[in-house]
Undergrad: 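Here's a structure for you.
We count ligands from 1, going down the list as the structure has it; atoms in each ligand are counted the same way. Side chains are part of it too, since the values below use all heavy atoms of this structure and drop only hydrogens, waters and symmetry mates.
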Amino acid sequence: MSRPTPLVAGNWKMNGLRAALAEITGMGQAYDAGLKSKLELLICPPAILIGAAADVARGTGIAIGAQDCHAKADGAHTGDIAAEMVADAGGSFIIVGHSERRADHGESDAVVHAKAQAAVRAGLKAIICVGETEAERRAGKTLDVVGRQLDGSIPASLTAANLVVAYEPVWAIGTGLTPTAADVAEVHAFIRQRLGQIIGKEAGGVRLLYGGSVKPSNAAELMGVPNVDGALVGGASLKASDFMAIAGVYR
Ligand code: PGA
């Protein structure tokens, strides 16, 4: 199977007021025809800004997405948003199972699985996150943990067209620490192989993103690792200059 088109995705987390939408305008100006031919760009702002972000991004080629959704399409779930609402607001991707959701909201693999199905039910793409904690890595359990998360979180019906997997070691998120290129290569090769057992031959075309302290200074090395098809970027996605410097490694 030919290599998938890379995806560089920004996760704004709980950052950004309406004024921050100007960063998306800046990203759009820098996302020129040359870059568009090389990679896809996505920004996932806080849910309340999805609609406005989609308006700002229209015509730039930058996709907009959500950081979470509820598994159900509607109903009595105060404060939650449905995948269908993300689609209606102009979103096209939903991040599910981010380690901050797993930790702060107790999301199990089963919950993540249901949310991924919801994203696809709404016609969107699911970015399913996995990754080990520092203690799990020190105990030599990284592949066990990631394997279990993949088995539990990924619906077998997903395809290369609607599934993206992000490997995000919890200890690398927001810390400035990153695994070595060799460690990333090992985990990504493992994910590709395990994905084959879950979804079959479609696994070859699924984008496998690396996330955790990706910045302009380390992006070229991390994006150059075999089986790394892009990045999930937190802090460095808040500023157009940093985010576009990371995207620029694909130029
Ligand atoms: P970071 O976050 O780039 O700020 O480390 C990555 C993520 O949590 O997706």
Undergrad: In Å, rounded to the nearest 0.5 Å, how long is the span from CG of L39 to OG1 of T5?
TA: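 One finds 9.0 Å between CG of L39 and OG1 of T5.
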Undergrad: F243: what forms a ring pair (Phe, Tyr, Trp, His ring centres under 6.0 Å) with it, not counting sequence neighbours?
TA: none
Undergrad: Would you check if R137 and D183 make a side-chain contact, meaning some heavy-atom pair closer than 4.5 Å?
TA: yes
Undergrad: Identify all N/O pairs between ligand 1 and the protein with a separation under 3.5 Å and present them as a table of atom names and distances.
TA:
unit_1: ligand 1; atom_1: 2 (O); unit_2: K13; atom_2: NZ; d: 3.2
unit_1: ligand 1; atom_1: 3 (O); unit_2: G234; atom_2: N; d: 2.8
unit_1: ligand 1; atom_1: 4 (O); unit_2: G235; atom_2: N; d: 2.9
unit_1: ligand 1; atom_1: 5 (O); unit_2: G174; atom_2: N; d: 2.6
unit_1: ligand 1; atom_1: 5 (O); unit_2: S213; atom_2: N; d: 2.7
unit_1: ligand 1; atom_1: 8 (O); unit_2: K13; atom_2: NZ; d: 2.7
unit_1: ligand 1; atom_1: 8 (O); unit_2: H98; atom_2: NE2; d: 2.7
unit_1: ligand 1; atom_1: 9 (O); unit_2: H98; atom_2: NE2; d: 3.4
unit_1: ligand 1; atom_1: 9 (O); unit_2: E168; atom_2: OE1; d: 3.3
unit_1: ligand 1; atom_1: 9 (O); unit_2: E168; atom_2: OE2; d: 2.6

Undergrad: With sequence neighbours excluded, what pairs up with S99 under the side-chain contact (heavy atoms from CB on, under 4.5 Å) test?
TA: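 Only V170, I173 meet the side-chain contact (heavy atoms from CB on, under 4.5 Å) criterion with S99.
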Undergrad: Which is it for E107 and R101 under the salt bridge (Lys or Arg N to Asp or Glu O under 4.0 Å) test, yes or no, and what are the steps along the way?
TA: CA-CA 6 Å; E107 291 190 7; R101 300 283 324 166; 3.0 Å; yes
Undergrad: Listed by chain and number, what are the side-chain contact (heavy atoms from CB on, under 4.5 Å) partners of N218, not counting sequence neighbours?
TA: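 Here the qualifying residues are T178, V214, K215, L222.
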